[in-house]
Amino acid sequence: MTTKFDGIKFPFFGLKNKPYKISFSNSSVVLTKFIYGRVSILDDVSLLGKSYSERLLELDTIHPQTRIVFDFTFTSLSQLIKSIDKVKWGLDSDGKSFNLRRKQKFKAQIAQVKKKNDNLLWIEGISYPFELPYDIDNFKSKDLYALLVKVNNTWYIKEFTHEKQFIKEIKI
């Protein structure tokens, strides 16, 4: 099954809303976020041989006032899944656009957090630990559960909860 996350190369640059309009010219790609919003430079295709991430850095110096400012930057699929309710559209590191507004069903479950060691978290029924982005002091796993989402045969933590529920799938 193909998912809306297939083909994303990180880092991924996201917006809270799908842009109103994207226009193409011979040398640049411009974007208008809202119907009466200002036009922002999304890409400059004359900067050949570079990834989109590198071109964005150059756009800061070439078009400092009009370069697009993204709402989010994600470095992994795990980060993107945690914030998927907030991000609706974006570009990956190759400059390929992804519309994330379309909801899709994924296998899901709520499982109890068993233990934490440094920045690794073990969850009941999962054979591998999850890496926390930062260390947490005074961590108490008693009655803590994680909502897990399975994308392309890998489990990701969507969120934490204190309520044990039975779910088999989720729309994200």
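All values below come from the heavy atoms of this structure, side chains included, with hydrogens, waters and symmetry mates left out.
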### Task
Taking the side chain as every heavy atom from C-beta outward, state whether I41 and I62 have any atom pair closer than 4.5 Å.
no
### Message
side chain to side chain contact (heavy atoms under 4.5 Å, CB included) for I110 and L148? Distances and angles first, verdict last.
### Response
CA-CA 6 Å; I110 292 185; L148 302 172; over 6 Å; no
### Message
Restricting to ring-ring contact (aromatic ring centres under 6.0 Å, His included), what partner residues turn up for F34, sequence neighbours left out?
### Response
none
### Message
Is there a side-chain contact between V113 and L121 in this structure, where contact means two heavy atoms from C-beta onward sitting under 4.5 Å apart?
### Response
yes
### Query
Going by heavy atoms in the side chains, are L15 and K33 under 4.5 Å from each other?
yes
### Message
According to a hydrophobic-cluster definition based on side-chain heavy atoms being under 4.5 Å apart (Ile, Leu, Val, Met, Phe, Trp, Tyr only), do L59 and I22 belong together?
### Response
yes
### Task
Verify the distance criterion only: is there a donor paired with an acceptor across the side chains of T75 and Q79 at less than 3.5 Å?
yes
### Query
Is the closest side-chain heavy-atom distance between K18 and N99 below 4.5 Å?
yes
### Query
Taking all atoms of both residues into account, what is the closest heavy-atom pair of I157 and A146, and its distance?
CG2-CB, 4.4 Å
### Query
So F130 and Y128, would you call those rings parallel, tilted or perpendicular, with 30° and 60° as cut-offs?
tilted
### Query
Can you name the residues that form a side-chain hydrogen bond (donor to acceptor under 3.5 Å, both in side chains) with Q109, not counting sequence neighbours?
none
### Query
If two hydrophobic side chains count as joined below 4.5 Å and joins carry through other members, does F24 share a cluster with L56?
yes
## Note on the structure
Sequence neighbours excluded, the answer for side-chain hydrogen bond (donor to acceptor under 3.5 Å, both in side chains) partners of S40 is none
### Message
As an exercise, state the distance from OG of S83 to CG of D71, rounded to the nearest 0.5 Å.
### Response
11.5 Å
### Query
Run the ring-ring contact (aromatic ring centres under 6.0 Å, His included) check on F12 and Y52 step by step: do they pass?
CA-CA 10 Å; F12 181 79; Y52 182 66; over 10 Å; no
#### Entry: Side-chain donor or acceptor of K4 paired with backbone N/O of Q104 under 3.5 Å
no
### Task
Kindly indicate whether the side chain of V39, heavy atoms from C-beta on, has any atom under 4.5 Å from the side chain of T66.
no
### Task
State, yes or no, whether a side-chain contact exists between T161 and L147 at a heavy-atom distance under 4.5 Å.
no
### Task
Go through the steps for V149 and I84 under the test side chain to side chain contact (heavy atoms under 4.5 Å, CB included), then give the verdict.
CA-CA 12 Å; V149 178; I84 196 63; over 6 Å; no
### Task
Just do the side chain to side chain contact (heavy atoms under 4.5 Å, CB included) check on F72 and L80 with the steps written out, would you?
CA-CA 9 Å; F72 307 98; L80 179 57; over 6 Å; no
### Message
By the salt bridge (Lys or Arg N to Asp or Glu O under 4.0 Å) test, which pairs, at least two apart or in different chains, include something from residues 159-172?
### Response
K105-E169
### Task
Using salt bridge (charged side-chain N to carboxylate O under 4.0 Å, His left out) as the criterion, list what pairs up with D6, not counting sequence neighbours.
none
#### Entry: L42 side chain reached by V30 side chain, heavy atoms, under 4.5 Å
no
### Query
Rounded to the nearest 0.5 Å, how far apart are CG of L31 and OG of S28?
11.5 Å
### Query
Can you tell me how far CD1 of I170 sits from NZ of K103, rounded to the nearest 0.5 angstrom?
8.5 Å
### Task
Name all residues meeting the side-chain hydrogen bond (donor to acceptor under 3.5 Å, both in side chains) criterion together with S46; count only those two or more places apart in sequence or in a different chain, and write none if there are none.
D44
Please output the side-chain donor-acceptor pairs of residues 85-96 that fall under 3.5 Å, not counting sequence neighbours, one pair per line with the distance.
| from | atom 1 | to | atom 2 | distance (Å) |
| --- | --- | --- | --- | --- |
| D85 | OD2 | K158 | NZ | 3.0 |
| K88 | NZ | D85 | O | 2.9 |
| D92 | OD1 | D94 | N | 3.0 |
| D92 | OD1 | G95 | N | 3.2 |
| D92 | OD1 | K96 | N | 2.9 |
| D92 | OD2 | K9 | N | 3.2 |
| S93 | OG | K9 | O | 3.3 |
| D94 | OD2 | K9 | NZ | 3.2 |

### Pairs satisfying ring-ring contact (aromatic ring centres under 6.0 Å, His included), at least one member in residues 151-172, at least two apart
none
#### Entry: Carboxylate-amine/guanidinium proximity below 4.0 Å for D60 and R67
yes
### Message
Suppose we screen for ring-ring contact (aromatic ring centres under 6.0 Å, His included). Which residues come up paired with F70, at least two apart in sequence or across chains?
### Response
F13
### Message
Distance check, rounded to the nearest 0.5 Å: Q165 atom CD versus Y145 atom OH?
### Response
10.5 Å
### Query
Considering residues at least two apart in sequence or located in another chain, which fulfil the side-chain hydrogen bond (donor to acceptor under 3.5 Å, both in side chains) criterion with E58?
K50
### same_hphob_cluster(L132, I123) at 4.5 Å side-chain heavy-atom cutoff
yes
### Summary
Across all chains, not counting sequence neighbours, the ring-ring contact (aromatic ring centres under 6.0 Å, His included) partners of Y20 are none
### Message
Do D43 and R55 have side chains that approach each other closer than 4.5 Å (heavy atoms only, starting at C-beta)?
### Response
yes
### Task
Would you confirm whether K21, through its side chain, and S23, through its main-chain N or O, come within 3.5 Å as a donor-acceptor pair?
no
### Query
Given a cutoff of under 4.5 Å between side-chain heavy atoms of I, L, V, M, F, W and Y, with clusters grown through shared members, what are the other residues clustered with W122?
L120
